[in-house]
Amino acid sequence: LFILNFSLSFRWLVIAVGLVRAYLAKGSYHSLYYSIEKPLKFFQTGALLEILHCAFGIVPSSVVLTAFQVMSRVFLTWAVTHSVKEVQTEDSVLLFVVAWTITEIIRYSFYTFSLLNHLPYLIKWARYTLFIVLYPMGVSGELLTIYAALPFVRQSGLYSISLPNKYNFSFDYYTFLILVMISYIPIFPQLYFHMLHQRRKVLSHTEEHKKSE
């Protein structure tokens with residue numbers, strides 16, 4: 001279990017290092033997506049296994065919350081950013097990639113040190129505090145990227161199925177993406193306030209423990 005969490009931390013560290021190296025080489029943050037495209041696709045797709053890890057209790061996270069988070073990221077990675085090449089140069093892509101990367105490095109470092117029974121307060125604090133900025137940052141990047149993809153999806157008819165056809169079925173990917181954006185309205189606040197509740201619970205408990213000592 002320690003090796004699993006350490007490896008999960010390491011894979012996101014690879015992406016972080018890739019971004020920094022590309023930025024130093026180019027001297028600009030624009031279009032840095034191409035520097036980490038392959039590892040991002042590989043690692044994010046592999047994250048589907050995390051749903052099973054949660055289901056079997058290997059990783060102490062909610063199955064529902066993890067499934068939503070992982071599936072939404074896989075969707076953004078493949079069905080939007082990969083499929084609509086035109087959005088890959090958008091700064092919004094870098095926005096959610098950076099948010100994902102920092103979040104996951106902190107999260108899996110938290111799990112790793114917890115397994116060692118030696119969790120530094122700084123990592124605990126970061127785990128339950130930096131999300132206040134990183135969650136809105138990631139969601140903003142995701143929504144802006146989907147929004148940027150809409151004109152190209154409508155023009156190309158990407159993934160859409162028109163009538164008539166032998167299955168008597170139609171699907172408009174453009175409308176589907178709009179519905180996905182709308183779904184963030186009820187779902188994001190639930191996730192965000194859940195984390196705020198966890199923050200109060202965990203950090204207040206830590207402060208009380210310090211005072212008792």
Side-chain angles (χ1 to χ4, degrees), residues 8-20 22-23 29-51 54 59 61-84 87-111 123-150 177-199:
L8 291 171
S9 299
F10 180 76
R11 74 184 186 187
W12 286 99
L13 189 59
V14 168
I15 293 176
V17 171
L19 286 171
V20 173
Y23 174 76
Y29 65 87
H30 296 294
S31 302
L32 290 184
Y33 170 77
Y34 300 109
S35 65
I36 49 85
E37 179 180 7
K38 290 182 179 179
L40 177 67
K41 289 177 177 177
F42 180 75
F43 294 147
Q44 194 58 73
T45 304
L48 289 170
L49 293 174
E50 293 181 32
I51 301 173
C54 293
V59 175
S61 296
S62 165
V63 179
V64 176
L65 293 179
T66 300
F68 172 78
Q69 185 180 61
V70 171
M71 293 302 295
S72 65
R73 290 181 177 183
V74 171
F75 177 80
L76 257 294
T77 301
W78 288 102
V80 179
T81 310
H82 169 77
S83 300
V84 186
V87 303
Q88 294 176 1
T89 55
E90 294 287 333
D91 292 342
S92 58
V93 173
L94 184 62
L95 199 62
F96 70 71
V97 170
V98 169
W100 293 357
T101 302
I102 297 174
T103 298
E104 296 304 84
I105 290 174
I106 294 172
R107 184 162 71 102
Y108 285 106
S109 295
F110 175 88
Y111 292 151
I123 292 180
K124 179 185 283 189
W125 179 87
R127 163 78 168 131
Y128 291 102
T129 302
L130 294 187
F131 79 89
I132 295 173
V133 174
L134 293 174
Y135 267 32
M137 175 180 167
V139 167
S140 297
E142 293 170 20
L143 289 173
L144 288 171
T145 301
I146 296 174
Y147 181 77
L150 288 176
L177 287 179
I178 293 176
L179 292 176
V180 169
M181 294 175 70
I182 293 173
S183 73
Y184 276 70
I185 297 174
I187 295 174
F188 171 70
Q190 293 184 47
L191 294 174
Y192 195 70
F193 287 117
H194 170 76
M195 285 300 297
L196 285 174
H197 174 73
Q198 289 295 105
R199 181 180 190 274

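For this chain, numbers begin at 1 and follow the sequence in order.
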Exercise for review: With side chain to side chain contact (heavy atoms under 4.5 Å, CB included) as the test, would you mind laying out the steps for Glu90 and Tyr147 before giving the verdict?
Suggested key: CA-CA 11 Å; Glu90 294 287 333; Tyr147 181 77; over 6 Å; no
Check your understanding: Would you say Tyr23 has more than 12 foreign heavy atoms packed within less than 6.0 Å of its OH?
Key -> no
Check your understanding: Rounded to the nearest 0.5 Å, how far does CZ of Arg107 lie from CD1 of Ile102?
Key -> 14.5 Å
Exercise for review: Apply side chain to side chain contact (heavy atoms under 4.5 Å, CB included) to Leu95 and Glu142, showing your working.
Suggested key: CA-CA 8 Å; Leu95 199 62; Glu142 293 170 20; over 6 Å; no
Check your understanding: Do other residues, nucleotides or ligands put more than 12 heavy atoms under 6.0 Å from the OH atom of Tyr34?
Key -> yes
Point to revise | Pairwise side-chain contact, Leu19 with Val98, heavy-atom cut-off 4.5 Å (strictly under) | key: yes
Exercise for review: Look only at the side chain of Thr101 and the backbone of Trp12, and say whether a donor-acceptor pair between them is shorter than 3.5 Å.
Suggested key: no
Point to revise | Heavy-atom pair with the smallest gap, counting every atom of Val87 and Val80 | key: CG2-O, 4.1 Å
Exercise for review: Decide yes or no for Trp100 and Leu40: does some side-chain heavy atom of the first lie under 4.5 Å from some side-chain heavy atom of the second?
Suggested key: yes
Point to revise | Minimal non-hydrogen separation, Asp91 against His30, with atom names | key: OD1-ND1, 3.0 Å
Review point. Taking all atoms of both residues into account, what is the closest heavy-atom pair of Val70 and Ala47, and its distance?
Key: CG1-O, 3.6 Å
Practice item. Specify the closest pair of heavy atoms between Gln44 and Val74, including all atoms of both residues, with the distance to one decimal. Key: O-CG2, 3.5 Å
**Study point:** Contact check, side chains of Thr103 and Phe131, non-hydrogen atoms, under 4.5 Å
**Key:** no
Practice item. Say whether, by atom type as modelled, one donor and one acceptor occur between the side chain of Gln88 and the main chain of Ser31 under 3.5 angstrom. Key: no
**Study point:** Contact check, side chains of Phe75 and Leu177, non-hydrogen atoms, under 4.5 Å
**Key:** yes
**Study point:** Heavy-atom donor-acceptor pair, Tyr192 side chain to Ile132 backbone, under 3.5 Å
**Key:** yes
Point to revise | Thr66 side chain to Ile51 backbone, donor-acceptor under 3.5 Å | key: no
Review point. So how far is it from Ile123 CD1 to Ile105 CD1, rounded to the nearest 0.5 Å?
Key: 11.5 Å
Check your understanding: Can you find a heavy atom in the side chain of Leu150 that is under 4.5 Å from one in the side chain of Met181?
Key -> yes
Check your understanding: Does the side chain of Glu37 reach to within under 4.5 Å of the side chain of Lys41, using non-hydrogen atoms?
Key -> yes
Check your understanding: About how many Å separate CG of Leu130 and CE of Met137, when rounded to the nearest 0.5 Å?
Key -> 11.0 Å
Practice item. Report the distance from atom CG of Leu191 to atom OH of Tyr135, rounding to the nearest 0.5 Å. Key: 6.5 Å
Point to revise | Residues Glu50, Leu8; criterion side chain to side chain contact (heavy atoms under 4.5 Å, CB included); working and verdict | key: CA-CA 10 Å; Glu50 293 181 32; Leu8 291 171; 4.2 Å; yes
Revision key, fill the gap. Between Trp125 and Arg199, the two heavy atoms sitting closest are NE1-NH2, 4.2 Å
**Study point:** Under 3.5 Å: donor-acceptor pair, side chain of Ser72, backbone of Gln69
**Key:** yes
Review point. What pair of heavy atoms forms the shortest contact from Arg11 to Phe43, and how long is it?
Key: O-CE1, 3.2 Å
Review point. Near Phe68 CZ, under 6.0 Å, is it more than 12 heavy atoms from other residues, nucleotides or ligands?
Key: yes
Practice item. Please report the C-alpha distance between Leu143 and Phe188 in whole Å, then the side-chain angles of each, then the deciding distance to 0.1 Å, and finally whether the side chain to side chain contact (heavy atoms under 4.5 Å, CB included) criterion is met. Key: CA-CA 12 Å; Leu143 289 173; Phe188 171 70; over 6 Å; no
Point to revise | Non-hydrogen side-chain atoms of Val14 and Phe42 separated by less than 4.5 Å | key: no
Study note, to complete from the structure: d(Leu94 CG, Thr89 OG1) to nearest 0.5 Å is 11.5 Å
Check your understanding: For the atom pair OG (Ser83) and CG (Leu76), what is the distance rounded to the nearest 0.5 Å?
Key -> 11.0 Å
Practice item. Taking the side chain as every heavy atom from C-beta outward, state whether Trp78 and Thr45 have any atom pair closer than 4.5 Å. Key: yes
